[in-house]
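Notes to accompany the following structure.
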Amino acid sequence: MAEDSIYERLKQQGVTRRDFLKLCGAVAGAIGLSGLPPVQASGLPVTLARSGYKARDQVARVLETKSRLPVIWLEFQDCAGCTEALSRSHSPTLVNLVLNAITVEYHETLSAAAGFQAEGAKHNAMEKYAGQYVLVVEGSIPMALDGAYCTIGGRSALDILKESAAGAAAIIATGNCAAFGGLPKAKPNPTDAKGVWEIVTDKPVVNIPGCPAIPEVFTAVVAHFLVFGALPELDSLNRPKTFYGKTIHDRCLRRPFYEAGKFALSYDDEGAKEGWCLYKLGCKGPTTYNACASLKWDGGLSFPIQAGHPCLGCSEPGFWDGGGFYQGQSAPLSRPDLTVVGAAAAAGAVAGVAVGAANQAQKKAAKKAEKAK
Amino acid sequence: MNWTEILAFTRGPLFQVALVIFVAGMLYRLVRVLMLGWQKDKVPAKGSKAVGVVKSFLKGLLIFPFIPWVKRTFTKNPVIYLAGGLFHLSLFVVLILGAAHMLVWKSLLGFGWWTLPLPIVDWMAAVGIVAMVALFINRLFNPVLKLLTGPAEWLNLAFVFLPMVSGYMLTHHLFFRYEVMFSIHMLTVDFLLIWIPLSRISHFMFYFFSRAIHGQEFGKRAVNP
Ligand code: HEM
Ligand code: SF4
């Protein structure tokens, strides 16, 4: 069965040409398409880039010709928060378009089917779209006890991941758990949780960490894949550079107060009411790379720091063990054990006494020898 | 290994090890000095020793810094006296009254205190850096100091200079990403903590002894230096 193109499907849903082009503009904006380089990178004719080229039209061309992108969505040690964030996103234009542009073949939380029926559907999709589908992973993978900590349909998460990754065109790890192990990996990490890219090394993996991942970032990555057939440019932690290139601190609306040294010291003091910097309340903005401060949440409404809460650093590896959430960044990660410090002090003192006593004895002996002469 | 992990290491295990070495080393130095012993005091005292000690501290910490010209160390070489003084003032402001470092103390001691606005701390850090450069140049060219300066003295300067400069670059987001500079700052701080008990920087502890002993002597003789 030849599938309709994405545009055809949208038309059937009553989307006008005018609205369609608007959506294309939104997608082009989201994936940062504006000038020549992306056109060349896409391998499309350079003539496109000559006068009159519009990024929007390039997106439109793709959506008019391509059929929907098959997606298989796996959930392991997760809370379905990324799914919630995406499906309840308040950016109807972009997120809706992308959700219309993909066909979710398997998703444990969203699919109506259950049990063997759902597993069967997944296998059919994996065969039908082998080498074409995008695999989305939400949640970390437990490695301890041969993966027994998380099993679905009697098989371990590790097993399922390896099988599904084999036929995937690309893998998107959404949320800190799938990317870096997240909450399940917090010390002492009883399940030996790992992120996808630590396990799958022979496929392109893009990490969209966050707790949850920002829906617009997820959709932009999908849109990029749709338009170019490849993943966007990634940083050293495999995060898309467009969205993870700057820290929260770089774009923070409270930054002027940081520069002026005006800090809130508790959640209800004058500083907090005046909107001062949250650094002393534990803000991790300076070391956290994510787009919260510019894209914000709920369609640009707000984000934690704007609402008065310090950044927890949820898009960074090991954020759960990165020092107290409400303890300033400069504080050491943990206080040394008092007994250890006491023992060290005692050891130092004992060594001092021993060496000192030896010296005194030597001096006395020398004096005696002097007198005897 | 990425920078997040390096930062976690330098802020975590390495810092703890450095701190433990620092505590053990300083106690060793302290006990060694105490065991040198006191001479039995057989001369009857003319004045109160305790008053002498208090006076000595008040003068050393609260009076002389504001009227330095009464001291020969100042009149002989005012630039160096000022550089040394400003350097120590800068160290105090940055490490005790700076927000970032107050939070370090708070996490270790369990309580915090009022801090200065960042721009003031920032200027004091710059003053400290300039002062250290002046002291460095002085050491390079002063003929007497040259004789007294060995590798250990150069290392002392370097070990204190590096945390200062990396801290300054950190707050200003200069040249490197924040977590990179933060890691370097922490690394240099960890090295400094280990270095202090091995070196003459441990003078900060003995300063209080020497002031006390001098004050006691003056008090005993009822003289006012
Ligand atoms: C004796 C050792 C230390 C020295 C000489 C030193 C020096 C400095 C200086 C000069 C600054 C810049 C202050 C400014 O421009 O506002 C700074 C900033 C900083 N220091 Fe230190 N520091 C030391 C120890 C520590 C320790 C032990 C920690 C943490 C455990 C630490 C964490 C920081 C942080 C996080 C900043 C950045 C503050 C900000 O971004 O607002 N420093 N340090
Ligand atoms: S609130 Fe956090 S991110 Fe914003 S300026 Fe302060 S430290 Fe930086």
Side-chain angles (χ1 to χ4, degrees), chain A residues 180 235-237 245-247 249-250 257-263 265 277 279-282 284-289 313 316-319 321-324 327-337 340-360 363, chain B residues 2-5 7-37 98-110 112 114-122 167 170-171 173 177-179 182 185-186 189 197:
Chain A
F180 306 133
D235 71 4
S236 64
L237 291 174
K246 294 260 183 225
T247 63
H249 186 71
D250 286 335
F257 294 115
Y258 172 89
E259 301 296 343
K262 289 187 185 304
F263 301 99
L265 297 174
C277 169
Y279 187 69
K280 283 202 196 175
L281 288 174
K284 307 291 182 287
T287 50
T288 303
Y289 291 81
E316 292 298 320
F319 83 103
D321 296 314
Q327 192 181 39
Q329 270 246 67
S330 54
L333 280 187
S334 52
R335 215 184 340 189
D337 209 14
V340 174
V341 176
V350 167
V353 168
V355 176
N359 270 0
Q360 276 178 355
K363 258 191 220 160
Chain B
N2 57 54
W3 282 105
T4 314
E5 283 163 8
L7 180 58
F9 177 68
T10 53
R11 276 175 77 198
L14 190 61
F15 178 76
Q16 293 209 7
V17 168
L19 201 63
V20 165
I21 292 179
F22 174 78
V23 169
M26 288 312 281
L27 251 118
Y28 173 82
R29 297 290 302 255
L30 180 64
V31 167
R32 283 302 308 279
V33 167
L34 290 180
M35 287 205 40
L36 289 178
H101 299 123
M102 181 277 280
L103 292 174
V104 179
W105 293 108
K106 189 175 171 186
S107 85
L108 293 177
L109 304 173
W114 174 89
T115 57
L116 279 170
L118 193 60
I120 298 178
V121 179
D122 205 31
L170 170 68
T171 3
H173 298 251
R177 304 196 341 179
Y178 193 83
E179 64 274 23
F182 198 171
H185 183 59
M186 286 313 302
V189 167

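Here is the naming used below: chain letters follow the sequence lines, and residue numbers restart at 1 for every chain.
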Report which part of A:A346 has an atom under 4.5 Å of a heavy atom belonging to chain B: side chain, backbone, both, or neither. neither
Can you name the residues that form a side chain to side chain contact (heavy atoms under 4.5 Å, CB included) with A:D235, not counting sequence neighbours? A:L237, A:R239, A:K241, A:Y244
Do A:T288 and B:Y178 have side chains that approach each other closer than 4.5 Å (heavy atoms only, starting at C-beta)? no
Can you see which heavy atom on B:E179 is nearest to which on A:T287, and at what distance? CB-CG2, 4.1 Å
Side chain, backbone, both or neither: which part of B:I21 has a non-hydrogen atom closer than 4.5 Å to chain A? neither
Provide the closest heavy-atom pair for B:P119 versus A:G261 in the form atom of the first, atom of the second, distance. CD-N, 4.1 Å
Heavy-atom cut-off 4.5 Å, strictly under: side chain, backbone, both or neither for B:L14 against chain A? neither
Under 4.5 Å heavy-atom distance to chain B, tell me which part of A:Y289 shows up: side chain, backbone, both or neither. side chain
